[in-house]
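Residue numbers start from 1 in every chain, and the chains themselves are labelled A, B, ... in the order their sequence lines are given, proteins ahead of strands.
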Amino acid sequence: MVNGINLALQFLDSFAFIVLAAAGLAIIFGIMGVINLAHGEFILVGAYATTLSATKLGLPLAAAMLVGTLVTAAFGVVVERFVISGAVPNWIGQRTVGRDFVEPLYDRLADSMVATFGLSLIMVQGARVVFGNSIDTVGTPFGNIAYGAFSYSTYRIVLSGVSIALLVGVYYIFTRTEYGMTARATIQDEETARALGVDTERIYMATFAIGSGLAGLTGALFAPTLSMQPTLGDQFLVEAFVAVVVGGPSVVLGTALSGGVLGAIQAVFTNLYGTFFGRIALLAAAMVALRFLPDGITGFIETVQSRRQEGE
Amino acid sequence: MSESETEPESRPLGPNVRQTAAEMATGDRTDTLLQTDGLVKRFGGFTATDDVDFGVAEGELRCLIGPNGAGKSTLLKLVTGTYEASEGHIYYDGHDITDLEPHERVQRGISMKFQVPSVYGDLSVRENARLPIQRFADGAERRERVDRAIEAAGLTGYEHVDASALSHGQQQQLEIGMAASLEPDLLLLDEPVAGLDVAEREAIAERVTRLNEEEGIAFVVIEHDTDFVASIADEVTVLHNGEIFLEGPIDEVKADPAVQRIYLGEEE
Amino acid sequence: MATDAPPDGGQSLAARVRARFEGPNTIGNSNGFWVGFLVAVAALVAFPLVGNAEQFSLFLVLSLLGLSLSVVWGYTGVLSFGQVVFFGLGGYTFAVVSINVSTPGGITAAVLAGVVGGGIGAAVLGYFMFYGGVRDVYVTIITLVATMVLHTFMAQTAGSEWTIGEAALGGFNGMPDIPLLKLGVGAASFQFMYNAIPVWVPGFGTVELDPFYYLALVLLVGTYLGLRALVNSDYGRAMVAVREDEDRTRMFGYNVKRIKLVVFILGGALAGLSGVLYAARNVFIDPTVFTLLFATLPVIWVSVGGRKSLLGAIIATIAIEYIRVTLGGELALVMLGALLLGTILFLPNGIVPWVHKQIRQNRPAPADAEGPETPDPTEASES
Amino acid sequence: MLELDGVTAAYDRTPILRGVDLSVDEGEIVGVMGKNGVGKTTLLKTVMGLLEPTEGTIRYAGADVTSASADERARAGIGYIPQGRDVFPKLTVEQNIRMGEKIRADSDETLYDQIYGYFPILDERANQDAGTLSGGQQQMLAIARALVSNPDLLLLDEPSEGIQPSIVGQISEDMQAINEDLGTTILFVEQNLGVIREMADRCYAMERGEIVDEVGPTTLADEDAIAEYLAV
Amino acid sequence: SGGQGQSGATTDTASSADVVKIGVLEDQSGNFALVGAPKHKASMLAIEEINANGGIDGKQIETYATDPQSDNQRYQELTREMINENDVDVLWAGYSSATREAIRPTIDRNEQLYFYTTQYEGGVCDKYTFAVGPTARQQLGIVLPYLREEFGPKIYTIAADYNFGQLSADWVKVLADENDAEVVGEEFIPLSESSFGSVINNIQDADPDFVMSMLVGANHTAFYKQKASAGLDVPIGTSTAMAQGYEHRRLDPPAMANIYAGVNYMEEVPTESNTGDGGFVDRYYEKYPDAPYLNEEAETNYFSTYMYKKAVEQAGTLEQPEVIEALESGIELGTERAPEAPEGETIKLDGATHHVDHHMWVMKADDQHNVEAVKNEQIPEQFLSETVGCNLPENPETTQYTPVDYFEEAE
Ligand SMILES: Nc1ncnc2c1ncn2[C@@H]1O[C@H](COP(=O)(O)OP(=O)(O)OP(=O)(O)O)[C@@H](O)[C@H]1O
Ligand SMILES: Nc1ncnc2c1ncn2[C@@H]1O[C@H](COP(=O)(O)OP(=O)(O)OP(=O)(O)O)[C@@H](O)[C@H]1O
Ligand SMILES: NC(N)=O
Ligand SMILES: [Mg+2]
Ligand SMILES: [Mg+2]
């Protein structure tokens, strides 16, 4: 039986999950052209750092989440310096044999995929070796709200609010701030950006840190609702890529829209036919969307806008 | 964009309209090779070409000039099928080709060199040159044609060099050579000499003239270098604000005060 | 294939045949390469005398999957995450048909059905994508999602309603009752699985040789040579042109969509063949073949070996899978990860192209006379 | 203002510049001419810091900048207009221009009016993605973007390429005006004879990675002599 | 199979008769590491104890153990290696049923003695496989009747959407029928799902007296946290939670409050041989002080190693056909022979079906996650023995049977 409130909450739940899964990836893949197969493991870092600071250091949950986000951002900087931009190996190379060892992975989709796949193997097994097969979890805050025969976790409603706020924030940063414009310019044409006085190294580092930090925040936010195991990142990966790509060229807006569309489809099908059909419908919808909107949702919107203008 | 006030409201069928749509539709052949009929291309709210009737006769060499942003490249891309027309029709060799795929248009004899050179950088000059030819020639004939194409582009000795290592001018030459080696009936060149030095410009002018005169290939050439235009073409079409502004012999067009004002500059 | 007549009638047949397999699209066009190639094939033939051929046959089978991605991605520029879809379709089709008709003739037909199944799967998905104008990373994601759909779907086919004839799809637990691979018809058939043949080999005495290993080896070498011929043919050059620049290739009159579709179907059929052999070898197939990990592996093999190198795909598949199967200990996955990371960072074009470059750079000048640069062997096959 | 001493530069291992000596005084407009592929663009890239010299020194405004990065040089006042319209295709026209403005804190509004005065089309198309501009419009945008940073030394790589004749003439006038009004020093590469003659105070001729000649004002006045150099 | 070393893997013991070669393939990394690692450890504990006490029939055990990394392809290759290269006399391998099915063709083809020790859906009637973990019918068979008594007849089933979950759900229906209860709703959840908002709503909507949960894996663990934070407090019976993945230790209370697990064993099972001084738990943590938990499957690995020892000693040979025959004669372990059967009382291997008559428990977690036993009894394997009529000594087959073919309710 379909109940309106259930459906709405289910939609918010799916929407938040998709958007939060995709947020960090939208930056790292959508803006920097790096297919980060270790995206799930960045989320893992955030989730573990949050959980451990709450359970071991006794930090309040909000503070622990902040720690989780920052730790992941810092980790992202390290990955960026050592692997993605190759700055550290190249620094060593310049000083030892007088040449660069590696080429940056920016905009090299497949190569970045292999490198980050390797990284993800290292991170998952590394987490296992260091922390064991699981760590103790923190409880979910805020209790629940009840309506009629039903009740719902308040925290999951809060999550959807956070996901919307996050989208707005990221959208603002990348389209309205000077940093955002510079970052986009740097990715489009690094050489010219440098000739215009942009310290592109710093931009890359900052952008990767933001993307990683967002993945960390996702981990932090979901830590209270999931079980803490080294493979926990896996569950986010497919939704993340699908959402970002279905979104199309304007990554942030696109992620919001695909989160909305795919979330709605999943919610309706889950409510009507159960979880299995919800999931299949989500995947099928993604394929159809990509086929009929070859430039993603935002590409489609641009086309519609120009058609409308033509009509005027 | 503001409309030019000197623009005649209704244009009589100019010399460039080779054939009416009706003639085209009934397949009555004249010597007209290409004819566009009321071609419109809009990008969003912006109209890049506006109701253009542009024609080229068999074996003709016509240059297309006009201010930056006039719609020249857009017009040629509509002809090749790179862009879909918003309105209007394109007739080629007596057939409506408006809805054909780009490769089908090429197979019918239209070939184009784009404004930005884009040879296959990772392939050698010879592999580049072979690609268009292998579609229709085999064995000894193919070898011979490839050799000739390379020689005509002045690239003998560079056969095994990666195309990305060629100079700008050499890449332009290679591109023209590849487009010409399809033995098209109509060859479209978008700014073939931009960025080339004087010697290379002359070489290309000579090449275009020879292909036109000896092989009977019809050309549409976009170029801002009016000296170059004068050296190859008799007839030019001036495009302005997406519309045909003027057509005629190069000397007359150059002397036209309106063209001087919008395009050439007063002092020329 | 190049249909042109040989450039000069004086050339020997051998040279003409060889010319079909050579060209700028493959690494290794020198005499030295072919000698090395024959030595390598001979070594693989002799390998069961000294090594674990039963295990090695897995790597040979998976190499076909690697090759399928190499043509589709390395040579045509279509980065497919869905080769395992066709691999799995091949394996499942083989399983379903062979369980239903488990006579040698039926099993032989099942092999063909598996290959065709992979090809049809690719035809459907490829038509859906390429003729719909889907390009670049969108293709990658659609194929990835197709993999996930199949995984989610196949995992829940445990019930008896998911039975095709005699064959239960078996859900997550897979299909265990696949008959042993017998090819031929009736009495004129031969069993390739669990049918070690005693052979007397000088110096080794009587040894039991695994026919499946040799079947896989023959198919792999044949496929490799066939693909070499393909990529060095006119069609192969058109494929490479599509990879380098789709729009431009259209402007030379090539039907780019069709080229992509044809290659995609070929890749699907090859992946299907690989899947058939995989299912036949393990006498088992399950939805693990549709997992994200399994879908990622072909991309890893081909990247590490060298995207534009068929040989690279084979070598890297064998090497990485060998490491994956044999590396043990707590840090095995860490080491594998570090290896992949290091390889792609330091040898971004892949191992085989790197080795090729080293050999070319270090070879003394005179030896180059036989080398790939001078007289370009493609001349001989002009193509 | 700018001094190159024995500068050698290479892509990978192939040397393109072989011991270039060149100097530009403050307030000068200096041209570089030569056939395709002799290394003119490479020279400008090396001055800008996009390519590190393997030998030789580059001095700018009295300081050795040989190993300074491009962004440092940009902030020190070198502006660059690359050949082949390297605009940011997915940024709007306005954002492209603002990228130029970022370099220096002291850019002022009047500069904008002046620049839009030169290229009114850019004002009209402020919100269009730069990648969808016509070839010539992109070239104008690249010029405008360099100008807003009000550089002390402006490097121009074939500014007239693909520009309609009337604007070509206008560009040389504008450059001279900028040179006079703002004291901007200019080093430019050109194929267009008219532009060279009109703009340059003096000119270097390049061949195969080397400066082979320096042409003074008198020779510049002689059309045939210049044609000779360009067609060497 | 290949040319090397496989000749007579099942009979060739002459050269190695002075040692017993045991192969152990249990996951220590990958998806199943959490539940597989205790299995590996328990096997090692049993082997160490046996060796310390003079080995099997005087022969020391030589152990071959590799980490299959939860990867079925690795499992297949390692199984071949165990059989063909290492020539093991007996093999323990695999957590999931999918893994068991992936290697079973190789096991059967090589006539390899094989112990599968995970609790599973049941129905495997295989001459070479000893599925000694409890079956779904045994686990559900203790907990479902208990909950029916305590809370009422309306059941809502949630289960992982794969073989184990679907078959377990079928068993819920069969047992509901036998116990005068009714399944009012049923939902299957893909293994990749970790959001349970709608599942929770659906349960609330159906308003059952209790829920039967056969959720599996790390993603599904999130259900317990989410139902707690949503305020869903209906009693939940389960065959999968707590005993395998010790959720009551890992999750913050009260996620597991009011959950009843039907199990043959968990660390908290209050038998003398288990929690008593020097019992199983003590010995385990003495060897592995940092181990997080001693789970259900670990105990099965442990006692089945002793069962194997007993069978070899009874057969007087390592020859696998003879050892299988000895096992089929009905090996028994019991409390009187502690430490071998920590789950309690006598447990007996049923020779006809290669399954075990387990001592089953209902273990309840409270809102502090303290676990107490609320019910226990001996439950035999019933499906193969009573319904199907599997009799392996007489009819050596290699089939897996499913309840749908025998019970109308399961359809
Ligand atoms: N994709 C597009 N979206 C929006 N506007 C476009 C697009 N492509 C072209 N335009 C606009 O259409 C007009 C015509 O462009 P076109 O490239 O045809 O000019 P052109 O005559 O070739 O100019 P040039 O001489 O500078 O190359 C320009 O104003 C350009 O900004
Ligand atoms: N990125 C690069 N890698 C390798 N070689 C290059 C690269 N860029 C240019 N070259 C080579 O360096 C040489 C000089 O190139 P450059 O672009 O400086 O010439 P140019 O004088 O500016 O020519 P043009 O007038 O055609 O612009 C050419 O032979 C060119 O092939
Ligand atoms: N046996 C199981 N849980 O798959
Ligand atoms: Mg143009
Ligand atoms: Mg240049």
Side-chain angles (χ1 to χ4, degrees), chain C residues 48-58 62 148 151-152 155-161 168 170-178 180 193-199 207-210 212-213 278 281-289 291-294 321 324-330 332-333, chain E residues 1-7 28-31 65-78 80-81 83-85 96-106 108-110 120-121 160-167 170 188-193 216 398-400 402 404-405 410-411:
Chain C
L49 299 175
V50 294
N52 184 349
E54 193 185 29
Q55 184 180 71
F56 210 85
S57 65
L58 173 68
L62 292 175
M148 294 302 110
H151 185 249
T152 310
Q156 56 84 56
T157 57
S160 53
E161 66 273 32
F172 203 73
N173 292 1
M175 305 183 66
D177 295 322
I178 300 174
L180 299 181
M193 279 302 298
Y194 296 117
N195 189 17
I197 307 288
V199 178
V207 287
E208 300 209 312
L209 296 178
D210 176 13
F212 183 84
Y213 173 84
Y278 185 81
R281 174 187 180 275
N282 295 338
V283 209
F284 179 74
I285 179 118
D286 74 358
T288 336
V289 299
T291 53
L292 186 60
L293 171 75
F294 207 78
E321 287 309 289
R324 251 165 46 81
V325 167
T326 55
L327 208 60
E330 193 178 48
L333 290 169
Chain E
S1 69
Q4 292 289 303
Q6 57 60 249
S7 53
Q28 293 158 81
S29 41
N31 264 325
T66 315
D67 176 10
Q69 299 165 0
S70 311
D71 175 343
N72 280 354
Q73 185 173 297
R74 254 177 88 84
Y75 263 110
Q76 286 170 335
E77 297 317 308
L78 292 171
R80 288 167 196 257
E81 194 176 306
I83 296 171
N84 299 335
E85 312 281 314
S96 76
S97 294
T99 298
R100 181 195 68 234
E101 292 306 297
I103 63 174
R104 215 152 55 83
T106 308
D108 294 338
R109 173 61 43 185
N110 289 284
Y120 85 115
E121 63 276 8
D161 199 3
Y162 75 117
N163 308 54
F164 172 80
Q166 292 175 359
L167 292 174
D170 289 346
F188 296 99
I189 294 127
L191 288 161
S192 54
E193 189 60 53
V216 173
T398 60
T399 321
Q400 179 169 15
T402 52
V404 262
D405 299 328
E411 270 164 27

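Here E/S97 contributes atom OG and C/F172 contributes atom CZ; the two are 9.5 Å apart, rounded to the nearest 0.5 Å. Rounding to the nearest 0.5 Å places OH of C/Y194 at 4.0 Å from OG1 of E/T106. One distance of note links OG of E/S192 with CE of C/M148; it measures 9.0 Å at 0.5 Å rounding. Note that CG of C/D177 and OG1 of E/T398 are 7.0 Å apart. Values are rounded to the nearest 0.5 Å. With rounding to the nearest 0.5 Å, the separation of CD in C/Q55 from CD in E/E85 is 7.5 Å. If you take CG on C/N282 and CD on E/Q73, they are separated by 7.5 Å, rounding to the nearest 0.5 Å.
E/R80 places a side-chain heavy atom less than 4.5 Å from the side chain of C/E54. Looking at E/T402 and C/S160, their side chains never come closer than 4.5 Å, going by heavy atoms from C-beta outward.
Contacts between C/L327 and chain E at a heavy-atom distance below 4.5 Å involve the backbone alone (N, CA, C, O). Only the side chain of E/L191 has a heavy atom closer than 4.5 Å to any heavy atom of chain C. With a 4.5 Å cut-off on non-hydrogen atoms, E/Q76 touches chain C through its side chain but not through its backbone. Proximity to chain C (any heavy atom under 4.5 Å) is restricted, for E/D71, to the side chain, taken from C-beta onward. Looking at C/E321, only its side chain comes within 4.5 Å of chain E, counting heavy atoms on both sides. Only the side chain of C/F294 has a heavy atom closer than 4.5 Å to any heavy atom of chain E. Residue contact with chain C, scored on non-hydrogen atoms closer than 4.5 Å, involves the side chain of E/L78 exclusively.
Chain E forms the most heavy-atom pairs under 4.5 Å with one residue out of C/V325, C/V283, C/V199, and that residue is C/V325. Interface remark: of the candidates C/S57, C/A332, C/A155, C/G328, C/A155 forms the most heavy-atom pairs closer than 4.5 Å to chain E. Among C/D286, C/L333, C/I197, the residue with the largest count of heavy-atom pairs under 4.5 Å with chain E is C/L333. Per-residue heavy-atom pair counts under 4.5 Å with chain E were compared for C/L180, C/T152, C/V289, and the maximum is reached by C/L180.
Using a cut-off of 4.0 Å between Lys/Arg side-chain N and Asp/Glu carboxylate O, C/R281 and E/E77 are scored as salt-bridged.
When all heavy atoms of E/P105 and C/P176 are compared, the pair lying nearest together is CG-O, 3.9 Å. Heavy-atom minimum distance, E/N72 versus C/T288: ND2-OG1, 3.8 Å.
When atom types are taken as modelled, the side chain of E/D67 and the backbone of C/G329 share no donor-acceptor pair closer than 3.5 angstrom. Here the side chain of E/Q166 pairs a donor or acceptor atom with the backbone of C/Q156 at under 3.5 angstrom.
Legend: residues meeting ring pair (Phe, Tyr, Trp, His ring centres under 6.0 Å) with C/F56, ordered by chain and number and at least two apart, are C/F47, C/F59.
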